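Residue numbers start from 1 in every chain, and the chains themselves are labelled A, B, ... in the order their sequence lines are given, proteins ahead of strands. Values below: every heavy atom of this structure, side chains too, minus hydrogens, waters and symmetry copies. Computed from a prediction, not measured in an experiment: that's the story for all the values here.
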There are 2 protein chains.
Amino acid sequence: MDMDMQPELCKVDDALGILVGKWKPIILLILLQEGTKRFSDLKRRVPGITQKMLTKQLRELEEEDIITRNVYAQVPPKVEYSISEYGESLEPILVAMHEWGTAHTLHKTKKGQL
Amino acid sequence: MDMDMQPELCKVDDALGILVGKWKPIILLILLQEGTKRFSDLKRRVPGITQKMLTKQLRELEEEDIITRNVYAQVPPKVEYSISEYGESLEPILVAMHEWGTAHTLHKTKKGQL
DNA sequence: ACAGTTAGTATCATTATGTATACTATACCA
DNA sequence: TGGTATAGTATACATAATGATACTAACTGT
């Protein structure tokens, strides 16, 4: 169909590249489901994540225009993150993954019981 | 909604855990779209992958019952891989990712042109 | 006798990813 | 005067993922 005969494959990797990482899907789900959050709120909602990692993930998501960063000139600092309009377009993928994950849990349970 | 107030997150991670890896989605798409393939066919269809990586990815997918491995008692050896019935249930996710990836390419192009 | 084929394994090197810990600025509160 | 809070940065380190390369068994064809 194309020069290297697999034009579609890289597209999937694009999506994966954005969703992947130990923390990104969790961050995205929180922002999608609960709306705008401050840095410290996110840190509380994602137990176990370090500041460095949270910062890194947020920066990467911002880079891809998936989330929006809003800094308030205050002390102590206040920074809010929210899903961008574009980022909302990821929702079907997250939903598909969530549905599959739920079914997968059952599948594993069944296997375990045999 | 649940004890730790984020019951959904781990489900998404389950799907992600299976799809992630530099090569898994490509392998899965090939098997989904083109059906059963031998090891060497896959190697040819996924340029750049090493035998070690291909073997590893296939083993992991097999572990999760996503693909099926069929060994023929021949010399030189012949081993065929195909998507399992269960593995086919991943298709909606792959499709959602592919669609998003396609739109994402446009999005990036637009940005680049500004 | 010797090269080519297939589906791997073994070993080592290099990156990528993640963790732990300490540190900063500045305002507010006691 | 000292402690608390926020949103980070800096540094060092540990672990996991990926890559490069060489090797194997056993049969076929030359």
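Annotation: side chain of B/Gln51 is in contact with side chain of B/Phe39 (closest heavy-atom distance under 4.5 Å). When side chains are defined from C-beta on, B/Val95 counts as touching B/Glu99, because their heavy atoms get closer than 4.5 Å.
When the P atom of D/dA17 is taken as reference, atom CD1 of B/Ile49 falls 15 Å away, rounded to whole Å. Rounded to whole angstrom, the span from the NZ atom of B/Lys56 across to the C1' atom of C/dA7 amounts to 18 Å. Here the P atom of nucleotide C/dG8 and the NZ atom of B/Lys43 are 12 Å apart, to the nearest Å. B/Asn70 places its CG atom 18 Å from the P atom of C/dT6, with the value rounded to the nearest Å. Look at CG on A/Leu16: it is 16 Å from C1' on C/dA16, rounded to the nearest Å. Taking atom CE on B/Met53 and atom C1' on C/dA10, their separation rounds to 13 Å, with Å as the unit.
Of the possible donor and acceptor atoms, none in the side chain of B/Ser89 sits under 3.5 Å from a partner among the backbone N and O of B/Glu85.
Remark: B/Gln74 CD is packed, more than 12 non-hydrogen atoms of other residues, nucleotides or ligands lying under 6.0 Å away. Within a 6.0 Å sphere centred on NZ of A/Lys78, other residues, nucleotides and ligands contribute more than 12 heavy atoms.
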Sub-3.5 Å pairs of nitrogen or oxygen atoms, protein against nucleotides 1-10 of chain D:
unit_1	atom_1	unit_2	atom_2	d
D/dT6	O3'	A/Arg38	NH2	2.9
D/dT6	O3'	A/Pro77	O	2.6
D/dA7	OP1	A/Arg38	NE	3.0
D/dA7	OP1	A/Arg38	NH2	3.0
D/dA7	OP1	A/Val79	N	3.0
D/dA7	OP2	A/Ser40	N	2.9
D/dA7	OP2	A/Ser40	OG	2.9
D/dA7	N7	A/Gln51	NE2	3.4
D/dG8	OP1	A/Arg59	NH2	3.2
D/dG8	OP1	A/Arg69	NH2	2.5
D/dG8	OP2	A/Tyr81	OH	2.7
D/dG8	N7	A/Gln51	OE1	3.2
D/dG8	N7	A/Gln51	NE2	2.6
D/dG8	O6	A/Gln51	OE1	3.1

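Ion pairing between a basic and an acidic side chain is recognised when a charged N comes within 4.0 Å of a carboxylate O; B/Asp14 and B/Lys11 show no such pairing.
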